Asker: 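First, the structure itself, so that you have it in front of you.
Remember, predicted model here, so these are calculated numbers, not experimental data. We name chains A, B, ... by the order of the sequence lines, and we start the count at 1 in each one.
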There are 2 protein chains.
Amino acid sequence: MVAPPGRKPGRRPGPTETRPAILAAARELFAGKGYDGASIRAIARAAEVDPALIHHFYGNKEGLFIAAMEFPFDPTQIIPQVLTGGPREEIGERLVRIFLAVWGQGDFRSRALAVIRSAATSEQGATLLREFLTSALLGRVAEALEVPRLRILVGIAQMVGVVIMRYVLEIEPIASASDEELVELLAPTLQRYLGE
Amino acid sequence: MVAPPGRKPGRRPGPTETRPAILAAARELFAGKGYDGASIRAIARAAEVDPALIHHFYGNKEGLFIAAMEFPFDPTQIIPQVLTGGPREEIGERLVRIFLAVWGQGDFRSRALAVIRSAATSEQGATLLREFLTSALLGRVAEALEVPRLRILVGIAQMVGVVIMRYVLEIEPIASASDEELVELLAPTLQRYLGE
DNA sequence: GTCTATATGATGATAGAC
DNA sequence: GTCTATCATCATATAGAC
(Lines give C-alpha, C1' and ligand atoms only; values in the text may rest on other atoms or scores of the structure.)
Protein backbone atom coordinates (compact mmCIF):
# COMPACT_ATOMS: atom_id res chain seq x y z
CA MET A 1 0.00 0.00 0.00
CA VAL A 2 1.93 3.01 -1.25
CA ALA A 3 -0.92 5.32 -2.19
CA PRO A 4 0.30 8.55 -0.59
CA PRO A 5 -2.60 9.55 1.63
CA GLY A 6 -3.78 5.96 2.18
CA ARG A 7 -6.89 4.55 0.49
CA LYS A 8 -9.77 6.83 1.14
CA PRO A 9 -13.10 5.72 2.59
CA GLY A 10 -16.28 6.07 0.65
CA ARG A 11 -17.74 4.05 -2.16
CA ARG A 12 -15.31 3.07 -4.84
CA PRO A 13 -16.14 3.73 -8.48
CA GLY A 14 -17.30 1.12 -10.96
CA PRO A 15 -19.67 -1.80 -10.47
CA THR A 16 -19.66 -3.47 -7.08
CA GLU A 17 -17.39 -6.49 -7.15
CA THR A 18 -16.61 -6.73 -3.51
CA ARG A 19 -19.48 -9.08 -2.56
CA PRO A 20 -18.46 -11.85 -4.94
CA ALA A 21 -14.84 -11.31 -3.91
CA ILE A 22 -15.80 -11.85 -0.28
CA LEU A 23 -17.81 -14.96 -1.08
CA ALA A 24 -15.01 -16.46 -3.15
CA ALA A 25 -12.46 -15.86 -0.40
CA ALA A 26 -14.86 -17.21 2.20
CA ARG A 27 -15.40 -20.40 0.25
CA GLU A 28 -11.70 -20.93 -0.18
CA LEU A 29 -10.87 -20.42 3.48
CA PHE A 30 -13.89 -22.30 4.85
CA ALA A 31 -13.00 -25.18 2.52
CA GLY A 32 -9.42 -25.18 3.69
CA LYS A 33 -9.78 -24.73 7.43
CA GLY A 34 -13.40 -25.26 8.36
CA TYR A 35 -15.83 -22.88 10.03
CA ASP A 36 -13.87 -22.21 13.21
CA GLY A 37 -10.48 -22.17 11.55
CA ALA A 38 -11.36 -19.51 8.99
CA SER A 39 -11.53 -16.13 10.68
CA ILE A 40 -13.48 -13.19 9.34
CA ARG A 41 -10.30 -11.16 9.39
CA ALA A 42 -8.41 -13.73 7.33
CA ILE A 43 -11.25 -13.87 4.82
CA ALA A 44 -11.28 -10.09 4.59
CA ARG A 45 -7.52 -10.10 4.07
CA ALA A 46 -7.81 -12.66 1.27
CA ALA A 47 -10.57 -10.66 -0.40
CA GLU A 48 -8.60 -7.43 0.10
CA VAL A 49 -11.49 -5.89 1.91
CA ASP A 50 -12.09 -4.37 5.31
CA PRO A 51 -13.35 -6.86 7.94
CA ALA A 52 -16.15 -4.53 8.94
CA LEU A 53 -17.55 -4.77 5.42
CA ILE A 54 -18.27 -8.43 5.94
CA HIS A 55 -20.36 -7.65 8.99
CA HIS A 56 -22.02 -4.91 7.04
CA PHE A 57 -23.04 -7.29 4.24
CA TYR A 58 -23.73 -10.52 6.06
CA GLY A 59 -24.43 -9.56 9.66
CA ASN A 60 -22.25 -12.14 11.31
CA LYS A 61 -20.00 -15.07 10.62
CA GLU A 62 -22.83 -17.56 10.32
CA GLY A 63 -24.60 -15.36 7.79
CA LEU A 64 -21.46 -15.28 5.72
CA PHE A 65 -21.10 -19.04 5.94
CA ILE A 66 -24.66 -19.63 4.80
CA ALA A 67 -24.31 -17.19 1.93
CA ALA A 68 -21.05 -18.80 0.85
CA MET A 69 -22.37 -22.34 1.07
CA GLU A 70 -25.43 -21.86 -1.10
CA PHE A 71 -25.47 -24.75 -3.53
CA PRO A 72 -24.57 -23.90 -7.10
CA PHE A 73 -27.32 -26.21 -8.31
CA ASP A 74 -30.44 -27.93 -7.08
CA PRO A 75 -29.66 -31.26 -5.43
CA THR A 76 -33.25 -32.37 -5.83
CA GLN A 77 -32.70 -32.53 -9.57
CA ILE A 78 -29.57 -34.61 -9.68
CA ILE A 79 -30.82 -37.41 -7.47
CA PRO A 80 -33.69 -38.54 -9.70
CA GLN A 81 -31.22 -38.45 -12.55
CA VAL A 82 -29.22 -41.14 -10.77
CA LEU A 83 -32.18 -43.16 -9.62
CA THR A 84 -34.19 -43.27 -12.78
CA GLY A 85 -31.75 -42.27 -15.51
CA GLY A 86 -31.24 -45.80 -16.73
CA PRO A 87 -31.61 -49.50 -15.96
CA ARG A 88 -31.43 -50.68 -12.37
CA GLU A 89 -28.53 -52.99 -13.16
CA GLU A 90 -26.36 -49.98 -13.86
CA ILE A 91 -27.36 -47.82 -10.94
CA GLY A 92 -24.00 -48.34 -9.24
CA GLU A 93 -22.01 -47.15 -12.19
CA ARG A 94 -24.37 -44.26 -12.87
CA LEU A 95 -24.14 -43.11 -9.28
CA VAL A 96 -20.36 -43.25 -9.07
CA ARG A 97 -19.98 -41.48 -12.39
CA ILE A 98 -22.29 -38.61 -11.57
CA PHE A 99 -20.88 -38.33 -8.05
CA LEU A 100 -17.33 -37.98 -9.33
CA ALA A 101 -18.41 -35.54 -12.02
CA VAL A 102 -20.09 -33.29 -9.48
CA TRP A 103 -17.04 -33.37 -7.21
CA GLY A 104 -14.93 -32.49 -10.20
CA GLN A 105 -16.55 -29.07 -10.32
CA GLY A 106 -14.56 -26.61 -8.25
CA ASP A 107 -17.53 -24.54 -7.17
CA PHE A 108 -19.25 -27.57 -5.75
CA ARG A 109 -16.10 -29.03 -4.25
CA SER A 110 -15.09 -25.99 -2.25
CA ARG A 111 -18.55 -25.70 -0.69
CA ALA A 112 -18.81 -29.38 0.10
CA LEU A 113 -15.32 -29.51 1.54
CA ALA A 114 -16.12 -26.58 3.79
CA VAL A 115 -19.17 -28.39 5.11
CA ILE A 116 -17.23 -31.60 5.71
CA ARG A 117 -14.37 -29.84 7.48
CA SER A 118 -16.78 -27.90 9.63
CA ALA A 119 -18.74 -31.03 10.50
CA ALA A 120 -15.64 -32.54 12.06
CA THR A 121 -15.20 -29.88 14.70
CA SER A 122 -18.41 -27.98 15.29
CA GLU A 123 -21.70 -29.40 16.42
CA GLN A 124 -23.73 -27.15 14.12
CA GLY A 125 -21.50 -28.13 11.23
CA ALA A 126 -22.17 -31.77 12.01
CA THR A 127 -25.90 -31.10 12.17
CA LEU A 128 -25.83 -29.35 8.81
CA LEU A 129 -24.12 -32.27 7.11
CA ARG A 130 -26.17 -34.88 8.97
CA GLU A 131 -29.42 -33.30 7.87
CA PHE A 132 -28.30 -33.00 4.29
CA LEU A 133 -27.25 -36.63 4.18
CA THR A 134 -30.37 -37.94 5.88
CA SER A 135 -33.13 -35.73 4.50
CA ALA A 136 -31.87 -34.78 1.08
CA LEU A 137 -30.05 -37.98 0.28
CA LEU A 138 -30.90 -40.99 2.42
CA GLY A 139 -34.58 -40.11 2.65
CA ARG A 140 -35.07 -39.59 -1.05
CA VAL A 141 -33.14 -42.65 -2.07
CA ALA A 142 -34.87 -44.89 0.46
CA GLU A 143 -38.17 -43.66 -0.82
CA ALA A 144 -37.45 -44.35 -4.47
CA LEU A 145 -35.48 -47.56 -4.12
CA GLU A 146 -36.80 -50.35 -2.00
CA VAL A 147 -33.59 -50.89 -0.15
CA PRO A 148 -32.92 -50.94 3.63
CA ARG A 149 -31.56 -47.66 4.92
CA LEU A 150 -28.50 -49.37 6.33
CA ARG A 151 -27.42 -50.51 2.88
CA ILE A 152 -27.81 -47.00 1.50
CA LEU A 153 -25.80 -45.56 4.36
CA VAL A 154 -22.97 -47.99 3.88
CA GLY A 155 -22.88 -46.92 0.24
CA ILE A 156 -22.83 -43.25 1.22
CA ALA A 157 -20.03 -44.11 3.64
CA GLN A 158 -17.99 -45.56 0.79
CA MET A 159 -18.29 -42.38 -1.23
CA VAL A 160 -17.67 -40.09 1.73
CA GLY A 161 -14.57 -42.09 2.54
CA VAL A 162 -13.28 -41.74 -1.00
CA VAL A 163 -13.79 -37.99 -0.90
CA ILE A 164 -11.90 -37.70 2.36
CA MET A 165 -8.97 -39.76 1.15
CA ARG A 166 -8.89 -37.83 -2.09
CA TYR A 167 -9.53 -34.24 -1.15
CA VAL A 168 -8.94 -33.89 2.58
CA LEU A 169 -5.96 -36.16 3.14
CA GLU A 170 -4.84 -36.18 -0.48
CA ILE A 171 -3.36 -39.65 -0.31
CA GLU A 172 -1.79 -41.15 -3.39
CA PRO A 173 -2.59 -42.91 -5.62
CA ILE A 174 -6.27 -42.24 -4.93
CA ALA A 175 -5.86 -38.47 -5.13
CA SER A 176 -4.75 -38.54 -8.73
CA ALA A 177 -6.58 -41.64 -9.89
CA SER A 178 -8.75 -41.11 -12.94
CA ASP A 179 -12.52 -41.13 -12.62
CA GLU A 180 -12.53 -44.18 -14.83
CA GLU A 181 -10.31 -46.21 -12.50
CA LEU A 182 -12.49 -45.33 -9.55
CA VAL A 183 -15.69 -46.17 -11.39
CA GLU A 184 -14.31 -49.58 -12.16
CA LEU A 185 -13.60 -50.29 -8.50
CA LEU A 186 -16.55 -48.57 -6.89
CA ALA A 187 -19.44 -49.25 -9.25
CA PRO A 188 -19.78 -52.96 -8.35
CA THR A 189 -19.74 -52.08 -4.65
CA LEU A 190 -22.53 -49.55 -4.97
CA GLN A 191 -24.40 -51.88 -7.28
CA ARG A 192 -24.28 -54.58 -4.62
CA TYR A 193 -25.61 -52.19 -1.98
CA LEU A 194 -28.34 -50.59 -4.08
CA GLY A 195 -29.23 -53.07 -6.79
CA GLU A 196 -32.30 -55.13 -6.08
CA MET B 1 -15.48 -23.37 45.24
CA VAL B 2 -16.62 -22.57 48.75
CA ALA B 3 -13.60 -23.79 50.68
CA PRO B 4 -13.22 -20.87 53.09
CA PRO B 5 -9.63 -19.77 52.40
CA GLY B 6 -9.61 -21.12 48.84
CA ARG B 7 -7.66 -24.24 47.92
CA LYS B 8 -4.08 -23.75 48.98
CA PRO B 9 -1.10 -24.20 46.66
CA GLY B 10 1.47 -26.85 47.33
CA ARG B 11 1.46 -30.56 46.68
CA ARG B 12 -1.68 -32.39 47.60
CA PRO B 13 -1.49 -35.49 49.78
CA GLY B 14 -1.91 -39.03 48.51
CA PRO B 15 -0.63 -40.68 45.34
CA THR B 16 -0.42 -38.45 42.29
CA GLU B 17 -3.53 -38.89 40.17
CA THR B 18 -3.54 -35.62 38.39
CA ARG B 19 -1.52 -36.73 35.33
CA PRO B 20 -3.93 -39.49 34.31
CA ALA B 21 -6.82 -37.16 35.05
CA ILE B 22 -5.36 -34.62 32.66
CA LEU B 23 -4.78 -37.21 29.95
CA ALA B 24 -8.30 -38.58 30.26
CA ALA B 25 -9.83 -35.11 30.01
CA ALA B 26 -7.54 -34.26 27.09
CA ARG B 27 -8.59 -37.36 25.17
CA GLU B 28 -12.24 -36.64 25.72
CA LEU B 29 -12.03 -33.04 24.60
CA PHE B 30 -9.66 -33.66 21.70
CA ALA B 31 -11.96 -36.45 20.53
CA GLY B 32 -14.98 -34.19 20.75
CA LYS B 33 -13.67 -30.97 19.26
CA GLY B 34 -10.36 -31.65 17.58
CA TYR B 35 -6.97 -30.14 18.30
CA ASP B 36 -7.84 -26.49 17.80
CA GLY B 37 -11.27 -26.71 19.35
CA ALA B 38 -10.11 -28.16 22.64
CA SER B 39 -8.39 -25.47 24.67
CA ILE B 40 -5.88 -26.16 27.43
CA ARG B 41 -8.11 -24.23 29.78
CA ALA B 42 -11.14 -26.32 28.97
CA ILE B 43 -9.12 -29.50 29.47
CA ALA B 44 -7.83 -28.20 32.79
CA ARG B 45 -11.37 -27.34 33.82
CA ALA B 46 -12.60 -30.82 32.94
CA ALA B 47 -9.74 -32.41 34.87
CA GLU B 48 -10.31 -30.03 37.78
CA VAL B 49 -6.73 -28.87 37.59
CA ASP B 50 -4.93 -25.59 37.12
CA PRO B 51 -4.11 -24.80 33.46
CA ALA B 52 -0.51 -23.99 34.39
CA LEU B 53 -0.06 -27.58 35.57
CA ILE B 54 -0.58 -28.83 32.06
CA HIS B 55 2.23 -26.69 30.80
CA HIS B 56 4.31 -27.86 33.72
CA PHE B 57 3.80 -31.52 32.84
CA TYR B 58 3.70 -31.49 29.06
CA GLY B 59 5.47 -28.32 28.01
CA ASN B 60 2.92 -27.10 25.50
CA LYS B 61 -0.31 -28.04 23.79
CA GLU B 62 1.35 -30.24 21.21
CA GLY B 63 3.18 -32.19 23.91
CA LEU B 64 -0.10 -32.82 25.64
CA PHE B 65 -1.71 -33.96 22.40
CA ILE B 66 1.10 -36.41 21.68
CA ALA B 67 1.01 -37.79 25.20
CA ALA B 68 -2.76 -38.20 25.05
CA MET B 69 -2.73 -39.85 21.64
CA GLU B 70 -0.21 -42.57 22.43
CA PHE B 71 -1.73 -45.77 21.12
CA PRO B 72 -3.04 -48.17 23.75
CA PHE B 73 -1.60 -51.07 21.77
CA ASP B 74 0.89 -51.78 19.05
CA PRO B 75 -0.65 -51.43 15.58
CA THR B 76 2.16 -53.49 14.09
CA GLN B 77 0.79 -56.54 15.86
CA ILE B 78 -2.82 -56.34 14.83
CA ILE B 79 -2.19 -56.00 11.12
CA PRO B 80 -0.46 -59.36 10.63
CA GLN B 81 -3.31 -60.85 12.61
CA VAL B 82 -5.70 -59.70 9.90
CA LEU B 83 -3.46 -60.57 6.98
CA THR B 84 -2.34 -64.01 7.98
CA GLY B 85 -4.80 -65.07 10.68
CA GLY B 86 -6.79 -67.34 8.38
CA PRO B 87 -7.58 -68.24 4.79
CA ARG B 88 -7.39 -65.61 2.10
CA GLU B 89 -11.02 -66.15 1.10
CA GLU B 90 -12.09 -64.80 4.50
CA ILE B 91 -9.78 -61.81 4.70
CA GLY B 92 -12.64 -59.38 4.15
CA GLU B 93 -14.69 -60.73 7.01
CA ARG B 94 -11.65 -60.99 9.29
CA LEU B 95 -10.69 -57.42 8.59
CA VAL B 96 -14.13 -55.95 9.18
CA ARG B 97 -14.57 -57.94 12.36
CA ILE B 98 -11.27 -56.92 13.92
CA PHE B 99 -11.70 -53.34 12.76
CA LEU B 100 -15.08 -53.03 14.42
CA ALA B 101 -13.81 -54.73 17.57
CA VAL B 102 -10.93 -52.28 17.90
CA TRP B 103 -13.24 -49.33 17.38
CA GLY B 104 -15.50 -50.75 20.04
CA GLN B 105 -12.84 -50.08 22.65
CA GLY B 106 -13.34 -46.66 24.19
CA ASP B 107 -9.66 -46.00 24.77
CA PHE B 108 -8.87 -46.57 21.13
CA ARG B 109 -11.93 -44.76 19.85
CA SER B 110 -11.33 -41.52 21.71
CA ARG B 111 -7.75 -41.30 20.43
CA ALA B 112 -8.65 -42.17 16.87
CA LEU B 113 -11.57 -39.76 16.82
CA ALA B 114 -9.32 -36.99 18.06
CA VAL B 115 -6.90 -37.66 15.22
CA ILE B 116 -9.66 -37.73 12.62
CA ARG B 117 -11.26 -34.53 13.87
CA SER B 118 -7.91 -32.77 13.96
CA ALA B 119 -7.05 -33.98 10.47
CA ALA B 120 -10.06 -32.17 9.08
CA THR B 121 -8.98 -28.71 10.16
CA SER B 122 -5.24 -28.59 10.78
CA GLU B 123 -2.49 -29.37 8.32
CA GLN B 124 -0.34 -31.14 10.88
CA GLY B 125 -3.34 -33.19 11.97
CA ALA B 126 -3.86 -34.20 8.35
CA THR B 127 -0.20 -35.13 8.04
CA LEU B 128 -0.37 -37.26 11.16
CA LEU B 129 -3.33 -39.25 9.87
CA ARG B 130 -1.98 -39.42 6.33
CA GLU B 131 1.30 -40.88 7.48
CA PHE B 132 -0.40 -43.40 9.71
CA LEU B 133 -2.66 -44.55 6.91
CA THR B 134 0.08 -44.73 4.31
CA SER B 135 3.08 -46.01 6.26
CA ALA B 136 1.53 -48.07 8.99
CA LEU B 137 -1.42 -49.39 7.03
CA LEU B 138 -1.25 -49.06 3.28
CA GLY B 139 2.46 -49.81 3.13
CA ARG B 140 2.28 -52.92 5.23
CA VAL B 141 -0.78 -54.31 3.54
CA ALA B 142 0.54 -53.66 0.04
CA GLU B 143 3.74 -55.43 1.00
CA ALA B 144 2.05 -58.53 2.35
CA LEU B 145 -0.82 -58.80 -0.13
CA GLU B 146 -0.14 -58.55 -3.81
CA VAL B 147 -2.87 -56.06 -4.46
CA PRO B 148 -2.68 -52.67 -6.19
CA ARG B 149 -2.48 -49.79 -3.73
CA LEU B 150 -5.56 -48.17 -5.22
CA ARG B 151 -7.69 -51.18 -4.29
CA ILE B 152 -6.39 -51.09 -0.73
CA LEU B 153 -7.09 -47.38 -0.46
CA VAL B 154 -10.62 -47.74 -1.68
CA GLY B 155 -11.11 -50.38 1.02
CA ILE B 156 -9.65 -48.09 3.67
CA ALA B 157 -11.98 -45.39 2.38
CA GLN B 158 -14.96 -47.66 2.95
CA MET B 159 -14.01 -48.22 6.57
CA VAL B 160 -13.12 -44.59 7.22
CA GLY B 161 -16.48 -43.60 5.80
CA VAL B 162 -18.29 -46.00 8.09
CA VAL B 163 -16.47 -44.62 11.12
CA ILE B 164 -17.39 -41.07 10.18
CA MET B 165 -21.04 -41.87 9.66
CA ARG B 166 -21.15 -43.85 12.88
CA TYR B 167 -19.08 -41.86 15.33
CA VAL B 168 -18.69 -38.35 13.95
CA LEU B 169 -22.09 -37.70 12.39
CA GLU B 170 -23.91 -40.39 14.37
CA ILE B 171 -26.44 -41.08 11.66
CA GLU B 172 -29.08 -43.73 12.23
CA PRO B 173 -29.44 -46.60 11.64
CA ILE B 174 -25.72 -47.05 11.09
CA ALA B 175 -24.78 -45.59 14.47
CA SER B 176 -26.58 -48.28 16.39
CA ALA B 177 -26.28 -51.13 13.91
CA SER B 178 -24.77 -54.29 15.35
CA ASP B 179 -21.29 -55.34 14.37
CA GLU B 180 -22.82 -58.44 12.83
CA GLU B 181 -25.06 -56.47 10.48
CA LEU B 182 -22.13 -54.40 9.34
CA VAL B 183 -19.92 -57.41 8.81
CA GLU B 184 -22.55 -58.91 6.59
CA LEU B 185 -22.65 -55.84 4.39
CA LEU B 186 -19.00 -54.84 4.43
CA ALA B 187 -17.12 -58.13 4.36
CA PRO B 188 -17.94 -58.94 0.71
CA THR B 189 -16.86 -55.45 -0.32
CA LEU B 190 -13.49 -55.72 1.38
CA GLN B 191 -13.11 -59.26 0.10
CA ARG B 192 -13.60 -58.02 -3.43
CA TYR B 193 -10.98 -55.29 -2.98
CA LEU B 194 -8.38 -57.41 -1.19
CA GLY B 195 -9.05 -61.00 -2.19
CA GLU B 196 -6.82 -62.27 -4.93
C1' DG C 1 3.53 -29.82 42.69
C1' DT C 2 0.35 -26.19 42.75
C1' DC C 3 -1.19 -21.77 42.10
C1' DT C 4 -1.46 -16.35 40.92
C1' DA C 5 -0.33 -12.92 37.92
C1' DT C 6 0.73 -11.41 33.67
C1' DA C 7 2.68 -10.89 28.79
C1' DT C 8 1.05 -11.09 24.21
C1' DG C 9 -1.90 -11.69 20.63
C1' DA C 10 -6.11 -13.22 17.95
C1' DT C 11 -11.10 -13.35 17.57
C1' DG C 12 -16.21 -11.73 16.64
C1' DA C 13 -18.72 -7.79 16.99
C1' DT C 14 -20.22 -2.79 17.26
C1' DA C 15 -20.38 2.43 16.90
C1' DG C 16 -19.65 6.05 14.27
C1' DA C 17 -16.83 9.24 11.10
C1' DC C 18 -16.38 10.18 6.21
C1' DG D 1 -20.10 1.75 0.98
C1' DT D 2 -15.88 2.05 3.30
C1' DC D 3 -12.98 2.63 6.99
C1' DT D 4 -10.91 3.50 12.03
C1' DA D 5 -11.23 2.64 16.68
C1' DT D 6 -12.54 -0.02 20.25
C1' DC D 7 -14.87 -3.55 23.42
C1' DA D 8 -15.05 -7.91 25.55
C1' DT D 9 -13.45 -12.38 25.32
C1' DC D 10 -10.71 -15.92 24.60
C1' DA D 11 -6.31 -18.21 23.58
C1' DT D 12 -1.12 -20.08 24.60
C1' DA D 13 2.53 -19.44 27.28
C1' DT D 14 5.86 -17.83 31.03
C1' DA D 15 7.81 -16.22 35.65
C1' DG D 16 7.84 -16.79 40.11
C1' DA D 17 5.62 -17.17 44.94
C1' DC D 18 4.33 -20.74 48.24
Asker: Tell me the interatomic distance from B:Phe57, atom CZ, to C:dG1, atom C1', rounded to whole angstroms.
Answerer: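 Distance, rounded to whole Å: 7 Å.
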
Asker: Take atom NE2 of B:His56 and atom P of D:dG16, then tell me their distance rounded to the nearest Å.
Answerer: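 Result: 15 Å.
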
Asker: Between A:Glu180 and A:Arg97, is there a side-chain N and carboxylate O pair less than 4.0 Å apart?
Answerer: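 Answer for the salt bridge query: yes.
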
Asker: Check whether B:Gln191 reaches the backbone of B:Ile91 with its side chain - one donor and one acceptor, N or O, closer than 3.5 Å.
Answerer: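 Checked: pair present.
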
Asker: Rounded to whole Å, please give me the gap between CD1 in B:Ile54 and P in C:dG1.
Answerer: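 Whole-Å distance recorded here is 14 Å.
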
Asker: Identify which nucleotide among D:dT14, D:dA11, D:dG1 has an atom closest to any side-chain atom of A:Leu53, counting heavy atoms from C-beta outward.
Answerer: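 Of the candidates, D:dG1 comes closest.
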
Asker: To the nearest Å, how far apart are B:Glu17 CD and C:dT2 P?
Answerer: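 From B:Glu17 CD to C:dT2 P: 11 Å.
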
Asker: Answer whether the closest heavy-atom distance between the side chains of A:Thr121 and B:Lys33 falls below 4.5 Å.
Answerer: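 They are not in side-chain contact.
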
Asker: Under 6.0 Å from the six-membered ring centre of A:Tyr35 and within 45° of its axis: does the NZ or CZ of A:Arg117 meet both?
Answerer: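 No - A:Arg117 does not lie over the ring of A:Tyr35 by the 6.0 Å and 45° rule.
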
Asker: Quickly work out the B:Asp36 CG to C:dT11 C1' distance and round it to whole Å.
Answerer: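 Checked: the CG to C1' distance equals 13 Å.
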
Asker: Between atom CD1 in A:Ile40 and atom C1' in D:dC10, what is the gap in whole Å?
Answerer: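 These atoms are roughly 15 Å apart.
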
Asker: Starting from P on C:dA10, measure out to NZ on B:Lys61 and report it in whole angstrom.
Answerer: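 B:Lys61 atom NZ is separated from C:dA10 atom P by 16 Å.
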
